[in-house]
Every structure is written in structure tokens, then in C-alpha cells.
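Below you'll find the structure, written out as C-alpha cells, and then a few comments.
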Amino acid sequence: MASHRGVRPFTWTAPRLAAPSAGDGRRITMQTLIRTTAPPDRLSSVPEKWQTVLRLADRPTGIAVAEIAANLRLKLTPTAALVGELENRALVTHQGLVGGSDPDTDLLLRIRTGLENL
């Protein structure tokens, strides 16, 4: 991801500065699971930076916002704003939280390991 060096995080978000929240009014957190819902033919019409997120979220189980942030080497706040924007454009959907409302220790350990490997 060296090609992203020097890109300001807000440029990924279109720039969206409002507090991110999921379509049902819940706040998007690092544990919110995201899944791509856009048909493949629509992906080519979105910015390349967003396509990266959509590819990461193209899994039956979804991907946590924190995992997206780690993959993109972005901070959580801009990543959550980006996910909120993608959801507003009907490109992704949220599936709730990893592990319910309590922090998921396995997820946090995966995130830590991923960050250490960067």
C-alpha cells in the first residue's frame, strides 16, 4: 500500500466530515461488520480508492471497520466516515457488530497482529 503514502485520510471520505452512523441510526464503530452489496458492474463507476474497500468487504461474513482501516493504513475515524458514505450510496451494508456489544478479544488481537505486521 505504499502508493497511498502522502494521501490525506479525508480524501478517501469524499470528504465527509459528519459523524458516521449506520443507516439505522447506530454509530459505525471499529467492530461494525461491513459487506459489499453493489453489483460488480457498478463498482467500476466509483473512485478507485473506494473500489479497494468494496473488494475488502466482498465476503459473505463481511469485514470489520477496524480491519478495513488496518488494510488501508487509515485511522478509524476516516475509515468509519468512508464506510458511512459507501452505505449512503448503497454500495455496502452493515451487519451489526462483531461479537455483539462487548469488545471481541479475537478481533482486537487480529487487529493488533495486523498492525504489528505493517
Side-chain angles (χ1 to χ4, degrees):
M1 290 273 169
S3 64
H4 303 304
R5 179 173 267 153
V7 175
R8 304 292 277 173
F10 75 89
T11 63
W12 283 75
T13 65
R16 180 185 175 97
L17 300 176
S21 63
D24 63 1
R26 288 184 300 146
R27 192 154 177 78
I28 295 172
T29 69
M30 70 179 203
Q31 292 181 266
T32 303
L33 287 173
I34 305 302
R35 192 170 64 85
T36 300
T37 57
D41 61 323
R42 187 159 175 225
L43 298 184
S44 62
S45 67
V46 300
E48 186 177 323
K49 296 171 188 173
W50 292 9
Q51 290 179 28
T52 303
V53 175
L54 297 173
R55 280 192 296 274
L56 288 170
D58 189 21
R59 310 172 182 188
T61 58
I63 185 170
V65 171
E67 291 177 292
I68 294 171
N71 276 286
L72 299 178
R73 297 182 182 185
L74 289 174
K75 294 184 179 187
L76 285 169
T77 300
T79 304
L82 170 59
V83 166
E85 183 64 27
L86 293 174
E87 185 172 45
N88 286 340
R89 295 176 186 237
L91 297 170
V92 298
T93 185
H94 70 282
Q95 297 177 296
L97 300 176
V98 176
S101 60
D102 294 330
D104 183 344
T105 307
D106 291 334
L107 172 65
L108 296 175
L109 289 173
R110 282 194 342 239
I111 293 167
R112 185 187 73 184
T113 301
L115 292 173
E116 288 171 349
N117 291 333
L118 295 177

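Distance check, rounded to the nearest 0.5 Å: CD1 of Ile34 to CD of Glu67 gives 11.0 Å. Note that CD1 of Ile68 is 10.5 Å distant from CG of Leu76, once rounded to the nearest 0.5 Å. Thr36 OG1 to Leu91 CG: the interatomic distance, rounded to the nearest 0.5 Å, is 8.5 Å.
For Asp58 (side chain) and Leu54 (main-chain N/O), no donor-acceptor pair under 3.5 Å exists by modelled atom type.
Listed here is the closest heavy atom pair of Ile28 and Glu87: CD1-OE1, 4.4 Å. Between Ala69 and Lys75, the shortest heavy-atom contact is CB-O, 4.2 Å. Scanning all heavy atoms of the two residues, the minimum distance from Met30 to Ala64 falls at O-CB, 3.7 Å. The minimum heavy-atom distance linking Pro60 with Arg35 is given by the pair O-CD, 3.6 Å. The minimum heavy-atom distance linking Leu43 with Ala38 is given by the pair CD2-CB, 3.8 Å.
For the pair Thr32/Val83, no side-chain contact is recorded, criterion being any heavy-atom separation below 4.5 Å from C-beta on. Under the 4.5 Å side-chain criterion, counting only non-hydrogen atoms from C-beta, Thr61 is not in contact with Leu33. A 4.5 Å side-chain heavy-atom check between Leu56 and Leu72 finds at least one atom pair inside the cut-off. Under the 4.5 Å side-chain criterion, counting only non-hydrogen atoms from C-beta, Asn71 is in contact with Ile63.
For Pro39, the side-chain contact (heavy atoms from CB on, under 4.5 Å) criterion is met by Asp41, Arg42, not counting sequence neighbours.
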